[in-house]
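Accompanying notes for the structure given below.
Proteins come first, then strands; the chains are lettered A, B, ... in the order of their sequence lines, and each starts at number 1. Values below: every heavy atom of this structure, side chains too, minus hydrogens, waters and symmetry copies.
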Amino acid sequence: MSHPQVTDTAAVDLTGPRAQLLLALADDELVTGHRAAYWTGIAPSLEEDLAFSTIAQDELNHADVWFQVLLGDEVADVRAGVDALAFGREPDAYRHAIVCERPPRDFADTLARHWCYDRFDAIRLTALTDSSDAAIAAVATKLTHEERYHLEHADHWFRRLAAGGDVARGHLEAALRAVLPEALGLFEPLVDEDRTVAEGLLPVPHAELRRRWSEVVATMLDEVGLGELAPGSRDAPPADAGGGRDGRHSADFTDDVWPEMTGLYRAHPGARW
Amino acid sequence: MTSVPAAVEETAVRRAVADVPDPELPPVTVGMLGMVHAVAVSDEGVVDVELLPTFSGCPATEMIERDVVAAVRAVEGVREVRVRFRFEPPWTPDRIDATGRERLREFGIAPPGGPTGAPPPDGRPTLPLALGPSSDARPCPFCGSTETSRDSAFGPTPCRDLRFCAVCQQPFEAFKTLRP
């Protein structure tokens, strides 16, 4: 019995609702992990260096696991297939939200996005533990156990900066003012989302994930006296921060993350280490 | 003359799998960590091993896979070894057996599941980044004191965090709890 060898993405059907869901899951984590790795070696403290290096490693590996779920068991060389999916696609085939590809800017910007994203990720993973797809549900359960540490870290810094002096609080507030509207791009519907939800792959639509996220985020913002920053239920992401789920990306991805992230793979297809 | 293949002894295969050391923590084996979910031996000498990764992103999983294949291949009569990692059921630290817990402690890593409710550290300047008392306090692996705190939720590997003992003034690591 011979299994197909996946060395380029042409061998995998990426158009169906299951594939589109898994690509959104994997690409959010892949790009978030890539941006988190920026702090390795230059974070403001050794603890934060370890934190963001670990977060980067976790997120890249979570992307890896979602790609493996997408490939299934019947692939001859899983490593080659995962690499092809992670690094072998053109920029418009990536399905992450644009907020994930934004540059790290300063540490407060990174922490604000970290909080918005990990609060979203926790809600999405919890919903996916009820997925009709056994492999997706099992991985989601496993990842909620691991993501707990990211969430604790994000919440810790959110509260700590909010309770800090004028400088710390001012930085956090300015960062949240910029990132919260962009984070709404995380909740744009997937390609074919009606089918994804009807088949129970994603048990609730992104609109419901957004409602759950908004409730948590508004409560936490209120607790630190920043309630006015809570996104309204009718707000849309700014025009230049929407469209990621459909493969529309900003220059932050097409000219920065993508060329760097895929450079080695494109220069040396099939490279192993 | 064709030789009849020797029947593969299933207990020998199970032992070979269980005795594979964790590449990052060599005194501890995959058996002690409770990573072995299932071992199946066919009449034709094909062995299927199902393992539960402690952390989905553990970089040691590929090394463990390679080591398991090598160990099982060395068992008489084995012709093929297939290793698969699965996430259902999710691995949790209560799968670590008593020997594994003790070996981790000897290695300077506090295992999960010890006594809880350690008091906050006393007489020690709080580091600017200390997270303070943790929800899953661990006794110090060196002196046994419960006066410990967690300095960081992140450590040298994805599965460990950083702690400090107020009594013997030693930093130490703890295996993460991995619970929702």
Side-chain angles (χ1 to χ4, degrees), chain A residues 29 33 36 39-40 43-69 73 78-79 82 122 125-126 129 133-157 159-160 164 272-273, chain B residues 37 46 48 50 52-63 65-66 80 82-95 112 126-136 149-164 171 173-180:
Chain A
E29 298 279 281
W39 294 105
T40 299
S45 73
L46 181 59
E47 284 83 355
E48 288 312 302
D49 206 306
L50 281 170
F52 275 96
S53 300
T54 303
I55 289 167
Q57 192 181 5
D58 286 344
E59 304 297 36
L60 295 180
N61 281 303
H62 294 171
D64 189 321
V65 173
W66 289 126
F67 286 134
Q68 288 183 46
V69 173
D73 289 335
V78 174
R79 298 316 320 153
V82 167
L125 284 175
T126 303
T129 59
D133 185 291
I136 293 175
V139 170
T141 302
K142 180 70 183 163
L143 299 195
T144 52
H145 296 187
E146 300 181 10
E147 290 285 352
R148 190 195 103 192
Y149 291 87
H150 300 187
L151 199 56
E152 267 182 36
H153 180 258
D155 285 353
H156 169 78
W157 276 107
R159 296 200 177 97
R160 195 180 168 102
R272 305 301 281 266
W273 53 353
Chain B
H37 178 72
V46 179
D48 280 292
E50 289 192 312
L52 307 175
T54 56
F55 241 73
S56 68
C58 179
T61 49
E62 280 180 53
M63 283 179 262
E65 177 175 349
R66 193 193 57 207
E80 191 187 343
R82 297 185 296 219
V83 176
R84 186 171 159 258
F85 285 91
R86 55 180 290 162
F87 294 99
E88 166 55 37
W91 181 90
T92 51
D94 48 20
R95 298 181 65 96
T126 305
L127 289 173
L129 289 159
L131 289 174
S134 154
S135 55
D136 63 332
S149 59
R150 189 173 71 172
D151 279 351
S152 172
F154 302 96
T157 72
C159 58
R160 291 181 251 162
D161 60 25
L162 300 182
R163 313 267 172 152
F164 189 82
E173 294 164 17
F175 211 99
K176 284 181 183 173
T177 308
L178 279 183
R179 293 241 179 255

Examine whether an atom of [X] lies under 4.5 Å from a heavy atom of chain A, and if so say whether it belongs to the side chain, the backbone or both; otherwise answer neither.
{"X": "B:R86", "answer": "neither"}
{"X": "B:P53", "answer": "backbone"}
{"X": "B:T61", "answer": "neither"}

Angle between ring planes, A:H150 versus B:F154, binned at 30° and 60°: parallel, tilted or perpendicular? tilted
Heavy-atom cut-off 4.5 Å, strictly under: side chain, backbone, both or neither for A:D64 against chain B? neither
Honestly, the part of A:L143 sitting under 4.5 Å from a heavy atom of chain B is side chain
Identify the two heavy atoms, one from [X] and one from [Y], that lie closest to each other, and give their separation to 0.1 Å.
{"X": "B:G155", "Y": "A:L50", "value": "O-CD2, 3.6 Å"}
{"X": "B:T54", "Y": "A:K142", "value": "O-NZ, 2.7 Å"}
{"X": "A:T141", "Y": "B:P90", "value": "CG2-CG, 4.1 Å"}
{"X": "B:P158", "Y": "A:D58", "value": "CB-OD1, 3.7 Å"}
{"X": "B:P59", "Y": "A:Q57", "value": "CG-NE2, 3.3 Å"}

Interatomic spacing from [atom1] in [X] to [atom2] in [Y] - rounded to 0.5 Å:
{"X": "A:Y149", "Y": "B:S152", "atom1": "OH", "atom2": "OG", "result": "11.5 Å"}
{"X": "B:F87", "Y": "A:Q68", "atom1": "CZ", "atom2": "CD", "result": "6.5 Å"}
{"X": "B:K176", "Y": "A:H145", "atom1": "NZ", "atom2": "NE2", "result": "14.0 Å"}

So does B:A153 get a backbone contact from the side chain of A:E152, meaning a donor-acceptor N/O pair under 3.5 Å? no
